[in-house]
Each structure stands twice: as C-alpha cells, then as structure tokens.
Amino acid sequence: MGKVQSRFRKRSELYRASEPEKPGSSITDSHVVQYEPAHRGSINTVTNLSADLCVSGGTDQAVVVSDWKQGQMFQSFQGHNREVTKVACYPRSTWIFSASRDKTVLMWDLNQGDEAIQEFCGHQLVVNGLAISPDGRKLCTGSRDNCMCLWDIESAKCELRHNISRNLVTHVCWVPGSSAVVQTSEDKTIRIWDSRVWQVTNTFPAKQYIQTHCDVSDNGNYLVSSSNGFGGQGCEATLWDLRQPGCKVVEYRGHVQTTACSVFLPSLPSGSGSSLVATSSHDSSVKVWDQNSAVCLATLSLDGAGPLVSLAAGDPSNMLCASFNSGLHHIQLVQASGGEMDVRVVARF
C-alpha cells in the first residue's frame with residue numbers, strides 16, 4: 001500500500017446525534033466529529049478491507065478507500081460510468097471488487113495504481129450480487145437479468161452461467177470454508193448454490209416480501225436475511241440454520257420500513273458476551289439484537305440520514321453504516337454488564 005499516497009481530509013465541524021428511537025435505548029446525546037465526505041451523493045455499499053481501511057461505493061460512480069479511524073481518504077478509484085451498487089474485498093489482501101449499474105464488475109488493487117486491473121463483462125442489467133471464493137480464485141456475481149455467474153478471477157472469463165426465471169438477485173454471500181453460495185432475490189426466495197456444479201441445491205420457503213440482503217456467520221452455520229416491507233409489515237430480518245437449510249430459527253422484528261441490511265457482529269476475543277446481529281433500515285435506524293433470543297438490545301436513530309442501506313462490522317466495538325443523505329457513519333458499540341448495549345455515532349464522513 002506504500003505506493004498509494006494518503007490524503008488527509010478533516011474539518012472541525014461538529015453535529016449532534018439524534019435522540020434514541022425509544023426510551024428503553026441506552027443511547028445518549030454526544031458530539032460527532034464531521035470529516036469531509038468520502039462521496040458526493042448517496043452511498044450504496046460499504047465493507048472492510050483491513051482493520052483500519054474501509055471501501056465504499058455510491059451514486060458518484062466512485063470506489064473510495066478510507067481510513068475510518070483517522071478520517072482520511074486513502075484512495076479513490078474511478079472507472080464505472082454508472083453508480084456503484086456493491087463492493088467486496090478479499091481478506092488479507094489489497095484486492096477490491098466493485099459492481100455497478102453499468103452491468104460490469106471491476107477489480108482494483110491498492111498496490112497497482114488507480115486503474116482497474118480486471119473487468120468482468122457479461123451481465124445484461126445492474127449487478128447487485130458480488131462474492132469472492134474462500135481461496136480467492138473465483139468470483140460470483142448476480143444480477144437483475146436473472147443470471148448467477150461464476151468467473152475465473154485471473155482470466156476474467158465467465159466459466160459458468162445459470163439463468164432462473166424471476167431470480168432478480170439482490171445480494172450474494174459465499175459460505176466461509178465451503179463451496180456453497182447463498183443469494184437473495186426479489187422473488188422473495190433464498191437459494192443455495194453449489195459452486196462446483198453451479199446448480200441450486202436448496203431453496204428456502206418464500207418469504208412474504210422481497211429479500212434484500214444476506215450475511216453468513218464466520219463459522220458457516222447461520223444465515224441472516226433481511227426483508228422489504230412497509231408500515232412494520234415484512235420489515236424483519238430472519239436467522240436461518242444452514243445445517244438444516246430452510247430451517248428458520250428466529251425473526252428480528254422492530255423496524256417500520258424496509259430492512260435493507262443485516263449482518264453478524266464479530267464476537268469478543270474472549271468469547272464472552274452474546275452473539276449479536278445488526279440491522280439497518282429505510283426508517284433511518286440501526287438496531288442491535290441478541291442473535292439467539294431476538295431481543296433488541298439497542299436502537300440508534302439517525303434522523304435525516306434517509307435509508308440506511310449497508311453495514312460493515314470490522315471488530316466487536318466498531319461498525320460502519322452507509323446512508324443516502326449523510327454519508328458514512330462510524331458507530332461505536334459498548335456491551336455493558338447485564339446485556340445492556342450502548343450504541344452511538346462518533347464520526348461521519
């Protein structure tokens with residue numbers, strides 16, 4: 001990464017976080033450091049590249065690498081000609097992949113300048129799904145064109161393609177240490193694919209509303225999916241047991257608009273404390289849940305931020321949230337004794 005010149009961008013402006021959504025929340029008013037925005041416009045996606053760096057993409061067509069701890073923009077990549085929908089990174093590397101409404105996926109490397117090093121072309125509509133195989137050799141993409149594609153990363157050749165009617169893909173996850181790929185769809189269905197033969201091996205019972213997002217636990221045992229909805233109906237996230245595909249464990253209910261993103265939070269190194277799930281919604285709130293009991297431990301309301309569409313949790317104490325109206329939010333989580341949770345925004349950029 002030494003070849004990439006860091007650019008420090010910080011302002012001294014402050015703004016005040018909103019009050020919690022409900023009296024039971026432990027959130028308190030706090031001052032939030034305002035850095036110069038990473039993007040011009042709405043942010044659609046954020047993920048972690050390393051312990052200090054995150055990657056985001058948005059309507060400005062840019063892929064931005066930021067040092068979220070210091071408020072620095074590390075690098076900006078320009079190559080898409082329409083908005084960026086998803087970004088993904090390969091663990092312990094400098095590889096970045098970005099999907100776009102321009103129907104392509106681009107591959108970037110922080111050690112190889114600001115030009116894309118690979119281009120994956122073949123979808124006919126916006127690419128919404130993006131996942132890298134555990135061995136770093138294959139790339140899975142999914143699109144609104146009903147296609148799931150498997151690519152060789154080194155050659156950028158599409159090796160396998162499968163079209164399923166009405167399978168408008170919304171998100172894709174590779175199950176850690178496995179050949180399985182999970183995808184959500186606008187047809188309200190969750191599908192599991194075997195990447196060795198590129199066939200669907202399991203289809204979960206259809207939910208009532210569009211499935212917007214999914215995430216797989218680090219141990220590969222659980223899947224959490226989130227749902228479209230309105231007026232509190234269908235706005236839940238659902239925990240599934242991947243060892244018994246289609247087996248619903250619990251539902252996380254409390255958002256009043258579409259639940260756009262749901263992720264597992266990393267466990268404390270000691271293994272103490274409950275396993276946690278976080279969700280973000282179009283109702284401008286982030287919620288933290290006890291994974292097993294589905295009890296909501298904390299709610300953070302970001303009034304005026306608009307839909308909160310993407311979350312990235314790098315460690316047990318810090319999470320990033322992408323918003324339509326107010327950029328990226330650095331959220332701090334503190335798990336107190338007795339199961340209480342303190343969640344607050346500490347910076348915005």
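Numbers here are sequence positions counted from 1. None of these values were measured; they are calculated from a predicted model.
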Basic-acidic side-chain contact under 4.0 Å: [X], [Y]:
X	Y	result
Asp152	Lys138	yes
Arg191	Asp187	yes
Glu186	Arg144	yes
Glu36	Arg348	no

Could you tell me whether the side chain of [X] and the main chain of [Y] form a donor-acceptor pair under 3.5 Å?
X	Y	value
Asn202	Pro245	no
Lys86	Thr170	yes
Thr59	Glu83	no
Asn128	Ser143	no
Ser178	Ala180	yes
Ser42	Phe324	yes
Ser227	Ala237	no
Ser281	Ser285	no

Exercise for review: With sequence neighbours excluded, tell me which residues meet salt bridge (Lys or Arg N to Asp or Glu O under 4.0 Å) with Asp194.
Suggested key: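 For Asp194 the salt bridge (Lys or Arg N to Asp or Glu O under 4.0 Å) partners, ignoring immediate neighbours, are Arg196.
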Point to revise | Counterpart residues, salt bridge (Lys or Arg N to Asp or Glu O under 4.0 Å), relative to Asp52 (two or more places apart) | key: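 Checked Asp52 against salt bridge (Lys or Arg N to Asp or Glu O under 4.0 Å); matches are Lys69.
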First locate atom [atom1] of [X], then atom [atom2] of [Y], and finally report the distance between them rounded to the nearest 0.5 Å.
X	Y	atom1	atom2	answer
Lys207	Asn228	NZ	CG	12.5 Å
His255	Leu308	NE2	CG	8.5 Å
Asn48	Asp315	CG	CG	8.5 Å
Arg101	Thr85	CZ	OG1	7.5 Å
Trp240	Ile192	CH2	CD1	10.0 Å
Ile331	Ser317	CD1	OG	13.0 Å

Practice item. Apply side-chain contact (heavy atoms from CB on, under 4.5 Å) to the pair Gln118 and Ile153, showing each step before the final yes or no. Key: CA-CA 8 Å; Gln118 208 65 282; Ile153 289 177; 5.8 Å; no
Practice item. Test side-chain contact (heavy atoms from CB on, under 4.5 Å) on Thr104 and Asn81 and set out the steps. Key: CA-CA 10 Å; Thr104 71; Asn81 56 42; over 6 Å; no
Practice item. Please test Val55 against Leu49 for side-chain contact (heavy atoms from CB on, under 4.5 Å), starting from the C-alpha separation and ending with a verdict. Key: CA-CA 6 Å; Val55 182; Leu49 177 62; 3.9 Å; yes
Check your understanding: If two hydrophobic side chains count as joined below 4.5 Å and joins carry through other members, does Ile190 share a cluster with Val216?
Key -> yes
Review point. Which atom pair, heavy atoms only, marks the closest approach of Ala305 to Ser323?
Key: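 That would be O-CB, 3.6 Å.
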Practice item. Check Gln291 against Tyr252 and note the closest heavy-atom contact, atom names and distance. Key: O-OH, 2.6 Å
Practice item. Classify the ring geometry between Phe230 and Tyr209 as parallel (under 30°), tilted (30 to 60°) or perpendicular (over 60°). Key: perpendicular
Review point. Between Val63 and Trp108, is a side-chain contact (heavy atoms from CB on, under 4.5 Å) present by the stated rule, with each step listed?
Key: CA-CA 9 Å; Val63 177; Trp108 318 84; 4.2 Å; yes
Review point. Can you name the one residue among Ser56, Pro37, Ser66 that meets side-chain contact (heavy atoms from CB on, under 4.5 Å) with Phe349?
Key: Ser66
Practice item. Would you mind telling me which of Leu242, Val249, Asp215 makes a side-chain contact (heavy atoms from CB on, under 4.5 Å) with Leu223? Key: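 Exactly one pass, corresponding to Leu242.
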Point to revise | is_close_aromatic(Trp68, His330), centroid dist under 6.0 Å | key: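 Ring centres of His330 and Trp68 closer than 6.0 Å.
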Exercise for review: Decide if atom CG of Asn325 counts as having more than 12 heavy atoms of other residues, nucleotides or ligands within a radius under 6.0 Å.
Suggested key: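 Counting neighbours around CG of Asn325, more than 12 heavy atoms of other residues, nucleotides or ligands fall under 6.0 Å, so yes.
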Check your understanding: Do other residues, nucleotides or ligands put more than 12 heavy atoms under 6.0 Å from the CZ atom of Arg243?
Key -> yes
